[in-house]
S.K.: 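Here you go, one structure.
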Amino acid sequence: MNAHLRRAAVAVAASATTVSLAACGGAEEAGGGSGGRAGSDAVTVGLLLPENQTARYEKFDKPLIEKAVARLTRGKGRVVYANAKQDAATQSSQVDTMIANKVNVLIIDAVDSKAIAGPVKKAKEAGIPVVAYDRLAEGPIDAYTSFDNEDVGKVQGAALLEALGDKAKDGQIVMMNGSVTDPNARLFKSGAHSVLDGKVNIAKEYDTVDWKPENANTNMAAALSAVGKGKIVGVYSANDGMAGGIITALKAAGLSTLPPVTGQDAELAGVQRIVAGEQYMTVYKRYAPEAAAAAEMAVALAKGEKFDGIVNQLVDSPTSKRVPSVLVPGVSLTKANVKATVVDDGVYTVAEICTDKLKAACEELGLK
Ligand code: BGC
């Protein structure tokens, strides 16, 4: 763990003790429904993830949550899983199916945080507590776990500024935000603006429909022709998937040197583009603590037990106040700290990152 991460981990642990008392009321009330099965480890956790075009969900979040549930239930708990493939109506019917199948608790990463409010309410009425995962679902949720998403946007904006150095105002930047249905996208965007505004010239800004890399690619191509390829000095991309689409558009425009492009998620493809010098940075979010917190809160809720020991924040959604939450910090990952982050934490091996094409670049970075 690098120094920054260690400091961040200590900060989370310290604030956890401060607010744990305030949070236990929420936890107790939440566990009281008929979904609670005090004492029994044989709980069924319904897990609903929003999409599968972004690598994190099925590569990290799902297996990490399954592992944590198994650990917390001595192998007796079960996870039933559905992926909404970016469709809010599909996710709503997946909630119905989970209710019909009488799961004991739901972990939901919402496609659309507003549209999910009705299904969350239905689950609650059926006695099934709900943990909002990564995105703050509206409706009567019992708990929430995510990253400090406003800070993720600030980390991205600060890295872009650092990459631009004293050239920050010598040209134009393009901003590619995430989907408007995702409250995280709003937070990334406002965090980035809070750092960038006044320090760069923003020529074009897009909210990307469904977070789709191909939409980011189309928008980047449009920005290139509207602004002029020689004038773009940097691109803010909210995540790695979109950074892939953006970099493809920059290359297709025939740029010999690519402007710095940001990202998020430390996807393998993103880390490889960073090593190759095509993408400037990503935000490394450690999914293991996020997934473990979700599993811990979900199993406790299903068993009618408290989970206040791990809560480090009380978060307000537009519909629920003081939701017991666990927020994990994210850190900037550039060429300089590939090893100290994803390699040292065991997320990827050097062999996975350093394909034949990247051998020389990897050697330069001391990745062996
Ligand atoms: C997540 C990001 C992800 C994006 C697209 C956000 O809510 O926090 O990690 O890249 O959704 O799925």
Side-chain angles (χ1 to χ4, degrees), residues 47-62 64-65 83-88 90-91 107-116 131-138 141 144-156 175-192 206-217 219 236-246 261-271 273 279 281-291 293-294 315 317 325-333 341-342 347:
L47 172 63
L48 297 174
L49 294 181
E51 51 119 320
N52 59 3
Q53 76 202 337
T54 301
R56 59 168 288 183
Y57 299 110
E58 294 188 350
K59 186 167 165 73
F60 296 113
D61 299 285
K62 175 175 180 277
L64 285 167
I65 289 171
N83 189 300
K85 305 212 168 110
Q86 199 52 50
D87 190 278
T90 301
Q91 192 164 59
I107 298 176
I108 304 179
D109 191 340
V111 171
D112 181 323
S113 61
K114 286 196 187 304
I116 201 69
V131 177
Y133 189 68
D134 203 70
R135 301 177 182 172
L136 187 55
E138 295 191 18
I141 55 169
Y144 168 56
T145 180
S146 189
F147 292 82
D148 180 339
N149 293 306
E150 175 107 22
D151 189 62
V152 167
K154 288 185 185 163
V155 166
Q156 294 171 318
M175 287 188 71
M176 214 66 79
N177 305 301
S179 161
V180 291
T181 63
D182 177 351
N184 291 348
R186 203 164 42 244
L187 293 168
F188 304 145
K189 179 174 172 177
S190 66
Y206 302 87
D207 293 318
T208 312
V209 175
D210 290 342
W211 279 103
K212 282 203 189 321
E214 59 264 38
N215 293 338
N217 176 275
N219 290 337
Y236 166 86
S237 167
N239 80 351
D240 288 346
M242 297 198 305
I246 289 164
V261 179
T262 65
Q264 161 173 208
D265 289 338
E267 282 189 4
L268 182 58
V271 172
R273 283 191 299 267
Q279 182 175 325
M281 65 84 70
T282 183
V283 179
Y284 170 44
K285 305 198 297 190
R286 291 162 62 240
Y287 299 114
E290 186 188 29
V315 171
S317 83
S325 302
V326 178
L327 298 189
V328 181
V331 293
S332 175
L333 190 167
T341 52
V342 285
V347 179

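We count ligands from 1, going down the list as the structure has it; atoms in each ligand are counted the same way.
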S.K.: Can D134 and N184 be counted as having a side-chain donor-acceptor contact under 3.5 angstrom?
M.R.: yes

S.K.: What is the ring orientation for Y287 with F60, classed by angle as parallel under 30°, tilted 30 to 60°, or perpendicular over 60°?
M.R.: parallel

S.K.: Contact between Q53 and ligand 1, counting heavy atoms under 4.0 Å?
M.R.: no

S.K.: Could you tell me which atoms of ligand 1, counted from 1 in the order shown, lie closer than 4.0 angstrom to a heavy atom of D182?
M.R.: 6 (C), 7 (O), 11 (O)

S.K.: With heavy-atom distances below 4.0 Å as the criterion, list the atoms of ligand 1 near N184.
M.R.: 6 (C), 7 (O), 8 (O)

S.K.: Should F147 be listed as contacting ligand 1, given a heavy-atom distance under 4.0 Å as the test?
M.R.: no

S.K.: Taking all non-hydrogen atoms of both residues into account, name the closest pair between A84 and V111 and its distance.
M.R.: CB-CG2, 3.7 Å

S.K.: Specify the protein heavy atom at minimum distance from atom 11 (O) of ligand 1: its residue, its atom name, and the distance to 0.1 Å.
M.R.: R135 NH2, 2.8 Å

S.K.: Could you list which atoms of ligand 1 come closer than 4.0 Å to a heavy atom of R56?
M.R.: 1 (C), 2 (C), 8 (O), 9 (O)

S.K.: Does an N or O from K285, backbone or side chain, lie closer than 3.5 Å to an N or O of ligand 1?
M.R.: yes

S.K.: Between the side chains of D240 and R273, is the shortest nitrogen-to-carboxylate-oxygen separation below 4.0 Å, so that they form an ion pair?
M.R.: no

S.K.: Compare every heavy atom of Y144 with every heavy atom of R135, then report the nearest pair and how far apart it is.
M.R.: C-CE1, 3.8 Å

S.K.: N149 versus ligand 1: do any nitrogen or oxygen atoms come within less than 3.5 Å of each other?
M.R.: no

S.K.: Have E51 and T54 got a donor and an acceptor in their side chains that come within less than 3.5 Å?
M.R.: yes

S.K.: Report the nearest protein non-hydrogen atom to atom 12 (O) of ligand 1: residue, atom name, distance rounded to 0.1 Å.
M.R.: E51 OE2, 2.5 Å

S.K.: Specify side chain, backbone, both or neither for D109, according to which of its non-hydrogen atoms lie closer than 4.0 Å to ligand 1.
M.R.: neither

S.K.: Taking only residues two or more places apart in sequence, or in another chain, which ones meet D61 in a side chain to side chain donor-acceptor pair (under 3.5 Å)?
M.R.: R56, Y133

S.K.: What closest approach, in Å, do Q91 and A110 show between heavy atoms, and which atom pair accounts for it?
M.R.: OE1-CA, 3.3 Å

S.K.: With heavy atoms of F188 as the reference, note each atom of ligand 1 found under 4.0 Å away.
M.R.: 8 (O)

S.K.: Might you point out which heavy atoms bring F188 and K285 nearest each other, and give the distance in Å?
M.R.: CZ-NZ, 4.3 Å

S.K.: Starting from atom 8 (O) of ligand 1, locate the nearest protein heavy atom and write down its residue, its atom name and how far away it is, to 0.1 Å.
M.R.: D134 OD2, 2.6 Å

S.K.: Students should be able to answer this: which protein heavy-atom is nearest to atom 10 (O) of ligand 1, and at what distance?
M.R.: D265 OD2, 2.6 Å

